Amino acid sequence: MSVTIKSKLIFFALLIVSFCFIETALSIYAEWDMKWYRREVRFSDWRNTGSLDYSTNAMITEWYSKKPVKYFRIPAMAWRENKYIYQADINSFYNRLNSGDTLTVGIDHRGNWNESKEILCQIVPEFFNQERYYFLNTVYVNEQVIKLKVWKERDYIRWKIITT
Amino acid sequence: LKKYLPILLITLIGAYLRFNGLGDKPLFVDEALFGLWVRGEISSQELFPVLLLKPFNPSNEFSLRLIFALAGTLTIPALYMVIKRDVWIKSGVALFVAVFPLFVFWSRMARPYALAGLFLVLGWKWYAFYIPALLTTPISLIGIKLFNQKWYVLAGAFISAIIFFLIRQDTGENGEDFFKYAFTASRFYYLPALTIILYVCNYKK
């Protein structure tokens with residue numbers, strides 16, 4: 001191989017490597033996007049939510065809080081979690097509300113998944129008007145978690161955002 | 001020292017990208033599942049890393065991800081050692097693996113791919129490393145060096161991967177989701193990409 005071709009090859013190789021380095025270095029703190037090598041990974045910051053009764057992302061909640069938590073979604077299991085011990089037991093949620101319990105619910109970007117959204121629409125329909133829905137999506141994109149307090153008062157379900 | 005200076009520098013670049021802010025991001029759902037296996041009930045899936053981490057009882061993101069970032073970093077000198085080409089090609093391949101986003105991103109996650117990748121590269125020289133690789137993730141099957149490095153082995157590896165995904169395909173209503181996921185998820189390309197690098201670089205006419 002001649003020296004000119006070799007030097008050109010080295011130049012292009014260094015160009016590709018530099019591009020990769022910059023792309024990788026910038027991606028460390030980047031928010032979620034559709035980049036091909038990380039689009040299936042979405043982070044949500046559950047570190048300060050503490051223990052909860054129900055969560056849209058039960059496994060992460062349990063890891064951080066070290067306490068068992070139930071899935072906040074209808075019982076349609078995702079294929080990756082169908083062998084795991086967690087069961088979506090949303091009937092117990094309504095039973096506990098009816099018996100007068102005040103429950104804490106953690107919602108992350110999975111609140112936008114149909115399995116959780118279906119329940120969320122019934123409990124906090126206000127979230128889904130245009131203005132609030134924008135707020136909800138902003139929270140998800142910023143990797144935040146909404147912590148709700150839910151209780152029942154005279155046949156109506158009441159809720160309050162504790163933290164975001 | 002002069003002989004090993006290039007690979008040392010490349011490894012340092014790779015280490016910087018893998019360890020910089022390693023514990024800053026919160027856990028991703030699959031990492032949490034892995035963390036729960038380490039903490040509690042052992043699963044047959046990802047058995048090797050679970051058993052490896054169990055005595056250390058990792059309590060934060062950094063400690064849970066550390067072993068995988070280390071494995072991803074060590075893959076760089078391991079490749080350099082295993083590839084039998086001149087120093088320029090070996091260094092070029094090592095540098096590519098050190099900075100390529102796919103390899104860096106999955107080395108920074110508490111997922112088994114970087115660890116299995118290290119074992120696959122080492123298995124190219126010492127077959128015994130295929131055992132921990134397979135106990136880390138069954139996708140390692142794709143990287144096992146079968147015969148001489150011929151084109152049909154590479155083609156065979158691709159066909160095996162497709163068969164593997166078809167076998168793993170769940171039955172029932174979520175089956176379609178899995179099939180779609182298996183081909184679009186970047187994690188499933190980590191080990192095949194390393195395998196292709198090994199085959200291409202060690203190709204003999």
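Values in this document were obtained by computation on a predicted structure and should not be read as measured data. Just so we're on the same page: letters track the sequence lines, and every chain starts at 1.
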Can you tell me which portion of [X] sits under 4.5 Å from chain B's heavy atoms? Options are side chain, backbone, both or neither.
X	answer
A/S44	backbone
A/R42	backbone
A/K66	both

Side-chain contact test, heavy atoms from C-beta onward, threshold under 4.5 Å: evaluate it for A/F19 versus B/V99 and give yes or no. no
Is the [atom1] atom of [X] crowded by more than 12 outside heavy atoms at less than 6.0 Å?
X	atom1	result
A/W36	CH2	yes
B/Y4	OH	no
A/N48	CG	no

Under the 3.5 angstrom rule, does the side chain of [X] hit a backbone N or O of [Y] as a donor-acceptor pair?
X	Y	answer
B/Y189	A/Y37	no
A/E23	B/P101	no
A/E143	B/K25	no

With a 4.5 angstrom heavy-atom cut-off, is it the side chain or the backbone of B/N60 that approaches chain A, or both, or neither? backbone
Which atoms of B/F100 come close to chain A, meaning under 4.5 Å heavy atom to heavy atom: side chain ones, backbone ones, both, or neither? both
Atom CG in A/N57, atom CZ in B/F28: separation rounded to 0.5 Å? 9.5 Å
Starting from the C-alpha separation in whole Å, work towards a yes-or-no answer on side-chain contact (heavy atoms from CB on, under 4.5 Å) for A/M59 and B/F34. CA-CA 10 Å; A/M59 284 185 283; B/F34 173 76; over 6 Å; no
I'd like to know which of A/A13, A/S18, A/C20 tops the heavy-atom pair count under 4.5 Å against chain B. A/C20
Could you have a look at A/T24, A/D108, A/I22 and say which one has the most heavy-atom pairs with chain B under 4.5 angstrom? A/T24
Which atom pair, heavy atoms only, marks the closest approach of [X] to [Y]?
X	Y	result
A/D45	B/P26	CA-CG, 3.8 Å
B/I13	A/F21	CG2-CE1, 3.7 Å
A/F43	B/L27	CD2-C, 4.2 Å
B/S186	A/E40	N-OE2, 3.1 Å

With respect to A/W63, which candidate in B/L33, B/V38, B/V29, B/L36 satisfies the side chain to side chain contact (heavy atoms under 4.5 Å, CB included) definition? B/L36
